[in-house]
Amino acid sequence: MTIFQFPQDFRWGTATASYQIEGAAQEGGRGVSIWDTFARTPGKVFNGDNGDVACDSYHRYEEDIALMKKLGINTYRFSIAWPRIIPDGDGEINREGLDFYHRFVDALLDAGIEPFLTLYHWDLPQTLEDDGGWGNRRTVDAFVKYAEVIFKEFSGKINFWLTFNEPWCIAFLSNMLGIHAPGNKDVQTAINVAHGLLVAHGKAVQSFRRMGITGQIGIAPNVCWAEPYSKSAEDQAACDRSIALNTDWFLDPIYKGSYPQFLVDWFAEAGATVPIQDGDMEIISEPIDLLGINYYTMGINRHNPEAGVLQSEEMNMGLIKTDIGWPVESRGLYEFMHYLQKYGNVDVYITENGACINDDLENGKINDDRRISYYEQHLAQIHRIINDGINLKGYMAWSLMDNYEWAEGYRMRFGLVHVDFRSLVRTPKESFYWYQNVIKNNWLEIRN
Ligand SMILES: N=NNCCOCCOc1ccc(-c2cn(C[C@@H]3NC[C@@H](O)[C@H]3O)nn2)cc1
């Protein structure tokens, strides 16, 4: 048996997002989001699943918080649904929406749980998408208005703020690959979206500073760590492009005030350019306080001219996979965190990490050993990372409970808590009790 002790002030949490858990999609004055639209578009989401009900956390949040208390977490990452706050995107403020989140945040604080807020977790008001989405500066300005409303309302209650969740997914998964909402398949559109959200991020951070809001603010990129299939320079370059599009494309503008030139040149070859306006890069590079990092898996990639605009093909190496098909390889998290040091030893929180394991109830229990094994491997890497002197300050498991996994609908389950989507009954899985023990001890026991 090996024991890994974590720092006394290490934050232990779980993460969710508004569209994935809330339901009540037509209640409380909420407006339509791009995910309401996308989910109703035939062929886009497995089984045509949508977030109309989801986990019904809009009505059941007190039960959810009771589960968080039982789990023993001290931090809970969630997102606010913009369409509940300003239903048409940039018009009237919906007081009912603000009141809901005040009730929720107050209940978290009463439970001794630190709120860790994501302002934008993919549920853009449809009216703004109809007018060009993130590529239109109207949406940028609308986001700043929305952010300033939330800053003003929750300053003093919330001390950890993220502007955007997984900008690569918002821009490229959703507008180049078309796999997520709104489903565009155009490289230039994706680059316009990426730039728009970066300008919106920078303007929101400037507002945060100007308004004197409490706490720390940052952004949460997702990681796509990749290592070369062969020792060829071509395969390494293919990995560099994959890694950089998820990370450097967003963090270079924020930390360096410029895009990674090798990728700008790569896209120029494909006929796509970044629509930079005067002053944009100064806005985007407004200093931030922290980074959220979302890690699930890594790839072994090779150069393949037929493999999309990046010409980077992920190879099937026969590794153990989770039920969503992602290889289980925790080593990539360690390698990535050292790669991230090029931006300095910035404060980092793992804001998402978890496994899709679709085990179901057996005699009233869910024996999700594979999820426990995944968490053991990744928390052991977290311990290595901290021991190397990297400022990794906390860890939020994705997810508290099974929820709407976007284009996969409800068939893919990431939760520590099982949700029966017919009855909405929550049942803690064996991994819930395993994580509860890690948090209680503040150490990890690895079975040798
Ligand atoms: N990266 N390169 N991919 C190359 C092409 O891949 C094709 C498929 O792409 C992807 C990539 C990434 C994801 C994904 C999902 N989650 C889980 C959510 N995270 C935020 C939270 O809401 C969770 O539900 N994180 N990432 C899905 C599909």
Side-chain angles (χ1 to χ4, degrees), residues 14-22 33 35 38-39 44-46 49 51 54-55 57 77-79 81 116 118 120-123 162 164-181 183 185 187 190 194 219-226 238-250 292-302 304 307-316 321-327 329 332-333 336 350-357 374 396-416 419:
T14 57
T16 62
S18 48
Y19 190 75
Q20 297 183 269
I21 68 165
E22 284 181 0
S33 79
W35 270 95
F38 191 72
K44 298 300 183 186
V45 177
F46 174 76
D49 290 344
C55 306
S57 289
R77 179 181 175 231
F78 67 104
S79 75
F116 202 111
T118 309
Y120 185 79
H121 200 127
W122 305 356
D123 39 5
L162 294 169
F164 288 94
N165 179 70
E166 298 183 352
W168 176 87
C169 289
I170 299 168
F172 296 98
L173 183 65
S174 307
N175 290 281
M176 181 174 78
L177 300 178
I179 294 172
H180 282 188
K185 295 184 180 179
V187 181
I219 190 169
N222 57 290
V223 175
C224 180
W225 188 252
C239 293
D240 294 345
R241 292 192 295 273
S242 274
I243 293 167
L245 191 58
N246 285 261
T247 307
D248 306 43
W249 193 258
F250 301 97
I293 292 296
N294 295 355
Y295 178 89
Y296 289 93
T297 185
M298 66 168 277
I300 302 296
N301 286 42
R302 72 176 179 186
N304 176 353
V309 73
L310 287 188
Q311 299 181 15
S312 182
E313 177 189 7
E314 187 171 336
M315 306 302 288
N316 185 345
K321 292 183 172 70
T322 63
D323 292 345
I324 201 168
W326 300 347
E329 183 47 271
L333 176 55
F336 175 80
I350 300 299
T351 38
E352 283 182 33
N353 178 244
C356 173
I357 305 293
Y374 179 97
M396 288 147 236
W398 183 272
S399 179
L400 171 67
M401 59 187 144
D402 297 337
N403 57 55
Y404 182 78
E405 181 48 40
W406 307 113
E408 302 293 349
Y410 296 104
R411 67 172 168 174
M412 296 298 174
R413 294 174 176 269
F414 280 85
L416 293 164
V419 176

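Since we're looking at a predicted model, the values are computed, not measured. Numbering of ligands and ligand atoms starts at 1, following listing order.
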Suppose we measure from [atom] to each protein heavy atom; which comes out shortest, and what is that distance?
| atom | answer |
| --- | --- |
| atom 5 (C) of ligand 1 | Leu177 CD1, 3.7 Å |
| atom 7 (C) of ligand 1 | Ile179 CD1, 3.7 Å |
| atom 24 (O) of ligand 1 | Glu405 OE1, 2.7 Å |
| atom 9 (O) of ligand 1 | Leu173 CD1, 3.3 Å |
| atom 14 (C) of ligand 1 | Trp326 CH2, 3.6 Å |
| atom 18 (C) of ligand 1 | Glu352 OE1, 3.8 Å |
| atom 12 (C) of ligand 1 | Trp168 CZ3, 4.1 Å |

Q: Check for a donor-acceptor pair, side chain of Thr322 on one end and backbone N or O of Ile357 on the other, with a separation under 3.5 Å.
A: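 No, Thr322 side chain to Ile357 backbone: no donor-acceptor pair under 3.5 Å.
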Q.
Treating Ser79 as the side-chain partner and Ala17 as the backbone partner, does any N or O pair qualify as donor plus acceptor under 3.5 Å?
A.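 Not confirmed, Ser79 side chain does not pair with Ala17 backbone.
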If you measure from [atom1] on [X] to [atom2] on [Y], what distance do you get to the nearest 0.5 Å?
| X | Y | atom1 | atom2 | value |
| --- | --- | --- | --- | --- |
| Trp398 | Leu400 | CH2 | CG | 10.0 Å |
| Glu313 | Ile300 | CD | CD1 | 12.5 Å |
| Trp225 | Glu329 | CH2 | CD | 12.5 Å |
| Trp168 | Cys224 | CH2 | SG | 7.0 Å |

Q.
Are the side chains of Tyr296 and Phe414 in contact, using a 4.5 Å heavy-atom criterion?
A.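 In contact.
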Interfacing atoms of ligand 1 (cut-off 4.0 Å, heavy-atom, [X]):
| X | answer |
| --- | --- |
| Gln20 | 21 (C), 22 (O), 24 (O) |
| Glu166 | 19 (N), 20 (C), 25 (N), 26 (N) |
| Asn165 | 20 (C) |
| Trp406 | 21 (C), 22 (O), 23 (C), 24 (O) |
| Trp398 | 21 (C), 22 (O), 23 (C), 24 (O) |

Residue-ligand contact [X]/ligand 1, heavy atom below 4.0 Å:
| X | result |
| --- | --- |
| Tyr295 | no |
| His121 | yes |
| Phe414 | no |

Q. What closest approach, in Å, do Asn301 and Ala226 show between heavy atoms, and which atom pair accounts for it?
A.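 Taking Asn301 first and Ala226 second, the nearest heavy atoms are OD1-CB, 3.7 Å.
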Q: Over all heavy atoms of both residues, which pair between Tyr404 and Asp49 is shortest? Give the atoms and the distance, please.
A: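 Distance-wise, the nearest heavy atoms are OH-O, 2.9 Å.
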Q.
Quick one about Ser18 and Asp123 (side-chain donor to acceptor, distance below 3.5 Å, no hydrogens or angles considered), yes or no?
A.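 Ser18 and Asp123 do have a side-chain donor-acceptor pair below 3.5 Å.
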Q. Ligand 1 versus Cys224, non-hydrogen atoms closer than 4.0 Å: side chain, backbone, both, neither?
A.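 It is the side chain that gets close, since no backbone atom is under 4.0 Å.
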